[in-house]
2 protein chains.
Amino acid sequence: MVLKGNSMRNNEERIRVAIAEDHQILRQGIVALLEDEENLNLVFDVGDGLELIEKIKENPVDVLILDLNMPKMDGETCLPIILKLYPNLKIVVLSAYFSEPILNFVLELGATCFLPKLSDFSVLLDAIVSVHQKGFYSIEESKKEKRLNLELEMKENFTPRELEILKLLCEEKTSKEIAEDLFISHRTVEGHKLRIMEKTKTTSTSGIIIFALRKGYFR
Amino acid sequence: MVLKGNSMRNNEERIRVAIAEDHQILRQGIVALLEDEENLNLVFDVGDGLELIEKIKENPVDVLILDLNMPKMDGETCLPIILKLYPNLKIVVLSAYFSEPILNFVLELGATCFLPKLSDFSVLLDAIVSVHQKGFYSIEESKKEKRLNLELEMKENFTPRELEILKLLCEEKTSKEIAEDLFISHRTVEGHKLRIMEKTKTTSTSGIIIFALRKGYFR
DNA sequence: GAGCAACTAGGTAGAAATACCTGATTTTAA
DNA sequence: TTAAAATCAGGTATTTCTACCTAGTTGCTC
């Protein structure tokens, strides 16, 4: 452990940070890196959403680093719950993949910032400080410095309806089943699927699903 | 940075370790954690397979921590290449998911040890030391201590042929295309698919692919 | 050598998906 | 307000997939 006995700051002045991330190595790594930061106070780290909700009740934090894909209760589920309890909490969402639609989805849920796990650690640090001080963090800023994520930022530009259908396809539903779910004709669903296939440059349902899951949608 | 000026060891006595992992936060985290270990000497860390092959030529290591899913050249591809160059190298493979078939696949490729990213960091440390000293590491040992990964160790018991077909399905191939690839009848492929659907409790190609990708096969 | 699992492959029927086409209404943005 | 985009939906033909069935060959083990 790294002791910082010569630090004059007290915990009140430091940004209180918590981490919810199921990959233990990654979590412990972030913990180790954050412990070296003098202006951050790592309050707790947990491996799933249920644990997160329990801990955050006893230990208030300013910034939460949240993984979308966790067991028991995933980030997508617990994000709105926590935000309702603590509306001023800033949430930095981590996800294995980065894409326009998932970014929009996460921001709609109320996240303050969305970062791919491919990000450099310095980007995560910048983001924590920025969301705490300014209330937002623009990934654009970091892009000017680090051009590593270029290939990940594809813009598929799915329409809301297409995203809905994409999601249901990833739940193993047929066009007919999707049509019944959405109260539309199965021919309409097929039309949407054709447009999704054009946008994803695939030629089958399998291709669509492979595209979506590999990009980290709906997991 | 943590300086260890009072360490009496020289680098020759320490286990030389390298990391190939594209998720920078995770990589930097492992680096930070490994730097605290006195008996390890972290030689280099890289973000893709091509970089790995370049670096390892100039900097010999004892143990390589390798991520399966990397850009440019993935772990699956560069593992055999590197092992041919350095047959005595011990390789600890990290992967987002853990399952019996992918374990067998990785060991067949020549990896010394396979760990899920969910592992505790101490498991990774144990594994590094164990593969270096004993030439193997049994995940069973760590399981007795940590029972966290129980739900991930499902045994689907796919046959080798079924795994081949599973892989090709995840490459967006139709039964006909798979049949041509494997020089068998498309009816045979369909038969295998039916058996895969039984084992995965799904009823369509989409279901098979969703199952495979969510479990972390072929990524 | 009997039993078993794995791999092979065919028949038939029906369901689903795909590839083209067409055109309607509604919503959004310039 | 005009144009563009999104949503809806039908026709027709072909391909692919799924669900049943049967059954031969190989290789392994008890």
Side-chain angles (χ1 to χ4, degrees), chain A residues 99-105 107-108 154-213 217-218, chain B residues 99-105 108 154-213 217:
Chain A
S99 65
E100 201 72 14
I102 202 168
L103 166 65
N104 293 331
F105 175 68
L107 295 183
E108 258 178 48
M154 313 193 173
K155 288 170 192 168
E156 291 87 21
N157 277 318
F158 293 121
T159 67
R161 201 53 154 178
E162 283 165 4
L163 270 180
E164 255 180 305
I165 284 158
L166 200 52
K167 183 180 161 79
L168 294 170
L169 283 173
C170 290
E171 289 170 13
E172 209 188 324
K173 301 204 173 176
T174 64
S175 297
K176 205 174 141 198
E177 289 165 342
I178 294 171
E180 284 161 9
D181 281 13
L182 301 179
F183 304 106
I184 55 180
S185 159
H186 74 100
R187 303 310 316 280
T188 306
V189 176
E190 282 162 9
H192 287 302
K193 279 180 68 177
L194 286 174
R195 245 160 288 121
I196 294 172
M197 284 191 252
E198 279 171 28
K199 289 181 180 177
T200 57
K201 292 171 190 61
T202 56
T203 53
S204 66
T205 309
S206 298
I208 295 173
I209 291 169
I210 292 165
F211 170 91
L213 293 186
Y217 294 78
F218 321 120
Chain B
S99 65
E100 201 72 14
I102 202 169
L103 166 66
N104 293 330
F105 175 67
E108 259 179 44
M154 315 197 170
K155 288 170 192 167
E156 291 87 21
N157 276 319
F158 293 121
T159 66
R161 201 51 154 179
E162 284 164 4
L163 269 180
E164 256 180 303
I165 282 157
L166 199 53
K167 183 180 161 79
L168 294 170
L169 284 173
C170 290
E171 290 170 12
E172 209 190 323
K173 301 204 173 176
T174 64
S175 297
K176 206 176 142 196
E177 288 165 342
I178 293 172
E180 285 162 9
D181 280 12
L182 302 180
F183 304 107
I184 55 180
S185 159
H186 74 100
R187 303 311 316 281
T188 306
V189 176
E190 281 163 9
H192 286 304
K193 278 179 68 176
L194 285 175
R195 243 160 288 123
I196 293 171
M197 284 191 255
E198 278 171 28
K199 288 182 180 177
T200 57
K201 292 172 191 62
T202 56
T203 53
S204 66
T205 309
S206 298
I208 296 174
I209 290 169
I210 292 165
F211 169 91
L213 293 186
Y217 293 79

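Heavy atoms only: backbone and side chains are in, while hydrogens, waters and symmetry mates are out. Note on naming: letters A, B, ... go to the chains in the order of the sequence lines (proteins, then strands), and numbering restarts at 1 for each one.
Distance B/Phe158 CZ to C/dA5 P: 18 Å, rounded to the nearest Å. Between the CG atom of A/Leu194 and the C1' atom of C/dG23 there is a distance of 16 Å, rounded to whole Å. The distance between atom CZ of A/Arg195 and atom C1' of C/dA17, rounded to the nearest whole Å, is 16 Å. One interatomic measurement links the two molecules: CG of A/Leu168 to P of C/dA17, which rounds to 13 Å at whole-angstrom precision. The CD1-P distance, from A/Ile196 to C/dA19, rounds to 14 Å in whole Å. One can place CD of B/Glu190 at 11 Å from C1' of C/dA9, the figure rounded to the nearest angstrom.
First and last contacts of DNA chain D with chain B, using any nucleotide atom under 4.0 Å from a protein heavy atom and ordered 5' to 3', fall at D/dT16 to D/dA19.
A donor-acceptor pair under 3.5 Å is formed between the side chain of A/Glu177 and the backbone N or O of A/Thr174.
To the nearest 0.5 Å, atom CD1 of residue B/Ile165 and atom OG1 of residue B/Thr188 are 8.5 Å apart. Annotation: the span from A/Ile210 atom CD1 to B/Glu171 atom CD amounts to 8.5 Å, rounded to 0.5 Å. The line from CZ of A/Arg187 to NZ of A/Lys176 is 14.0 Å long, rounded to the nearest 0.5 Å. Atom OG1 of residue A/Thr200 and atom CZ of residue A/Arg195 lie 12.5 Å apart, to the nearest 0.5 angstrom.
Contact check, A/Thr205 against C/dT18: a side-chain N or O comes under 4.0 Å of OP1 or OP2. Taking 4.0 angstrom as the limit, B/Thr188 places none of its side-chain polar atoms (N or O) nearer than this to OP1 or OP2 of C/dT8.
Listed in residue order, the members of residues 175-187 of chain B having a heavy atom less than 4.0 Å from DNA chain C are B/Ile184, B/Ser185, B/Arg187.
Under the 4.0 Å criterion applied to side-chain N and carboxylate O atoms, A/Glu162 and A/Lys199 are assigned as salt-bridge partners.
Taking every heavy atom of both residues into account, A/Cys170 and A/Leu213 meet most closely at SG-CD2, 4.2 Å. Minimum interatomic distance between A/Ile208 and A/Lys193 (heavy atoms only, all atoms of both residues): CD1-O, 4.0 Å. Of all the heavy atoms in B/Ser175 and B/Glu190, the pair that sits closest is OG-CG, 3.9 Å.
Considering only the side chain of A/Thr203, C/dA19 comes nearest among C/dA17, C/dT8, C/dA19.
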